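See below for the structure under consideration.
Please read these numbers as outputs of a predicted model, since none were measured by experiment. Throughout, protein chains are lettered first and strands after them, A, B, ... in sequence-line order, and every chain is numbered starting at 1.
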Amino acid sequence: MSKTWVVLKHEFRTIVSKPSFWFGIIGLPIIIGAVIVVISLISGVATAAVATQRTSQSNLPHGFVDYAGIVRRADDGFERFAGEPEAERALRSGAIEAFYVIPADYMQTGQVRMVTKELDDSPLGPRRRVGAFQRMVNRNLLDDEALWTQLDRQVNITQSESVATVRTRTGPSFGGFSPLVYGVAVLFFTILITASAYLMQSVTTEKENRVIEILMSSVSPADLLAGKILGLSLVGLIQMVLWFGSAILALTRLPFLSEVIGPISPAAVLLTALFFVLSYFVYASLLAGLGALMPGSREAAQYTFLVSLPLFVPLYLNTAITAEPNGPLAVALSLIPFTSPLVMPMRLFGTSVPPLEVAISLALLAGLVYLAIQASARAFRAQALLSGSKPTLKQVIAAFFR
Amino acid sequence: MTTMHSATVSVSGLAKAFGQAQAVRDVSFDVHRGEIFGLLGPNGAGKTTTLRMILDIYKPDRGEINVLGGPMTEAKKARIGYLPEERGLYKDLRVEECVLYLAELKGLSRQEARRRADAFFERLGLAAEKRKKVSEFSKGMQQKVQIITALIHAPEVIIIDEPFSGLDPVNTRLVQDLLLEEHRKGTTIIMSTHQMHQVEEMCDRIVLIDKGASVLYGSVDEIRRQYADNAVRVTAHGELPHIPGVLETSRKGNTHTLSLPGDMDTQALLAQLATTPGLKIEAFELALPTMDDIFVRVVSGRRT
C-alpha cells in the first residue's frame, strides 16, 4: 500500500504542477462563459436597447389559460386568464411577457401553446421560464395520485405564435430539452476522457522515457497501476468539483440562468459524482491497459477512440434522450454500463428516475469496474510494459481477455 | 555449481521462454557477498532476462532464485539498486523531483531522500542544476542522475546492466569509481557487460552465458589460468638467448612471448634467463589469455 501511495502522490503532483492543467481547468469554464456571452450578444439579447427592454420584460409575469383544468394553484410569476382574448390583451398591453394555452386534451397530448409578442428562441427570452411553467403544471398534477403516471410527461410546445405577425413555426419538440442535462453530459464526457487520457499518457510516457524498467524493479505492476488510477482519479474529481462548482455558483448568482435550467437536486449531484468515480475506474483502467500494451502515445491514441466510443453514443443521441428521458432508449442506455455514466446523470438532472433503475445501473457499472480492472491488470504486466513493439488488434484483445 | 551459504544471490536451473523463443534455458550461478560479479555473454544470450528474473520483473518458467537469503519479495526490492541497459528518466520532470520519486519508491522518506540526493548532487557537480528539467540535461549529466537513482538508497546489492554502454571515458571512469567505492563498502555488485577489459579490472568472478545457458563460471584468475596456453611472457632489455625446447618465440617491443612444451620447467627457464649475461629481466609471468580472447574462444567454439 505504501508504494501505491507514493505512486498516487507522484501522479497527482505531476499533473497539478503543470500550468497547462490549470489553464484547462480554469480556462475552459472562462472560455465557455465567454462563448455564452458572445452567443447572447449575437442573438441581440445583449444589445443595449433590447437589454433595457428585456430587463423590464424579465420582471413581467407569464400568463396561462387552462382549458384542461389542471392548475388549481398558480405559482408566483404566473397569472391565470379565463380565455385567450383576455390573455392576448394583457400581452399586447405589456402586462405580461407571454402566455401559455393548456388545451382541454392536455392530458392526452401533453401539448401546450406558448404565445409571445415576438418570436424569440434565445435562452434569455421568454422561453427561459418554460421550465418554471412546467414545474407549476407538474406540481398541480401531483395533487392527484391518479396522475402520477403523468409525472414525467414533459411540456411539449410544438407551435409558437406571435400576435405581432402571423408567422407560425412548427418544428421538432424541444419540450424535454434542458441546457443543464446537456451541459452535464458534455462536462462529464470531457472530464472522464481527460482524466482517463492523463492516465494512459502517464503509462506511455514512462515507456517512451524508458523509465518503466527502473519502476518495475521497485514496485509491482499492480501497485503501480493502482497508484496511477487512484492518483489521477483525484485529479478528475478536482476537475469535476471545480467545473460543477463553478456551474452551480453561476446558477445561484445568475437568476436568469437558474430560471432556464431549473432547480438542481443535491441527490442528483451526489449520484453523478458516484457515477463519475465508477466510470472513471472503467475507462481509466482500460486506457491504462492499452497504454501498457502500446510502445508509445502515438500508437495508443489510435486505439483510444475505440475504447471511448461508447461515450460518444449518448452525446450523439442527446436529443432523443432529453426528449424522452424515461423512454425505452434513455432507460436502456442508462442501464448499459458503458453508456450509463453519461445517460444516468443526464436523466437524474432532467427528470425523476425510479430508485430501482439507479440501483441496477450502479450495480452493473460496479460489475464492469471489477471486470475492467481485471482486464487491465492482465494487460498491465512487465512483459507488455517492457515491450517496444506495437501489438496487433488481435494481440490487444488477447492481452485483455486471456 | 553448488549453492553456497554465503551467496547473496543464488540462481539455479533458470529457464524462461517468451512464446516460441527460449530466452534462458539453463542458467546457474552464485554471487558471493561483497564481490563484483560479471554476467557475460554475446548479444541475445539471455543476460538481461536473467537479471530481470532475479529482480522479480519476470517470473521464471523453471528454476530457483534466492536473493538476500530467500525468495525475492517486495520489501527486498528496496535493498537492491538497479540500472537497466535501457535506462531513462522522466524528461518533463525536474531532476530533483525525479530522483526523489524513485528514492521514495525504494522506501526512503522524502526528507531523507532529499538529504541524500543533495549530497550526491553536490559530489557529482549537479547541485546548481537540480531544479532543471531532465530534458535540459546533457546525456552525460543524465547518466550521472541515473547512477544516483541506483545508489541513493544505499542498496546491499547493485545490479547494473551494461554500466559503461554509451559512456565517454570521463563518465566511464566516474561510474567505475562509484562502483568500486560501493564495492569497498561491502556492497555486492552484479554487472552485465561486453567490455572485457572492465571485467578483468573489476570483477572477482564471472559467469558466461551463451544461448541461454551458463557455459563458463568461476573466478577471473582461475578462468584465465585454465585457458592459458603453456607460455611465458618475458619483458627484458637485451637479446634473449636461444633456449632449447622453446616451441615458438614472438616479440613486441621488449616483451617476448615464449611457447613452451608441456613438460618444460618454467622455474629452470627463469633461472637460465636470469644468468644470461647482458640480459636485464623486468618481468617474467605466465602468458594468460585476456578475457576477450577467452570470450571469443568459448563462444566461437560453441558456434562451430
Per-residue contact mode, B:Leu93 against chain A (heavy atom under 4.5 angstrom): side chain
May I ask you to check whether over 12 heavy atoms, not counting those of B:Glu122, lie within 6.0 Å of atom CD? no
Heavy-atom count around B:Arg173 CZ within 6.0 Å, excluding the residue itself: above 12? no
Does A:Phe338 have more than 12 heavy atoms from other residues, nucleotides or ligands lying within 6.0 Å of its CZ? no
Do the charged groups of B:Lys185 and B:Glu156 touch, with an N to O distance under 4.0 Å? no
Please classify the contact of A:Ser17 with chain B as side chain, backbone, both or neither, using a heavy-atom distance under 4.5 Å. neither
Engaged part of A:Lys18 at the chain B interface, taking heavy atoms whose separation is under 4.5 Å: neither
If one checks every heavy atom of B:Leu105 against chain A at 4.5 Å, the contacting part turns out to be both
Sort A:Thr205 into side chain, backbone, both or neither according to what part of it lies under 4.5 angstrom from a heavy atom of chain B. neither
What's the verdict on salt bridge (Lys or Arg N to Asp or Glu O under 4.0 Å) for B:Arg52 and A:Glu213, showing C-alpha distance, side-chain angles and the deciding distance? CA-CA 9 Å; B:Arg52 286 174 177 172; A:Glu213 193 169 353; 2.7 Å; yes
Heavy-atom proximity to chain A below 4.5 Å, by part of B:Gln146: neither
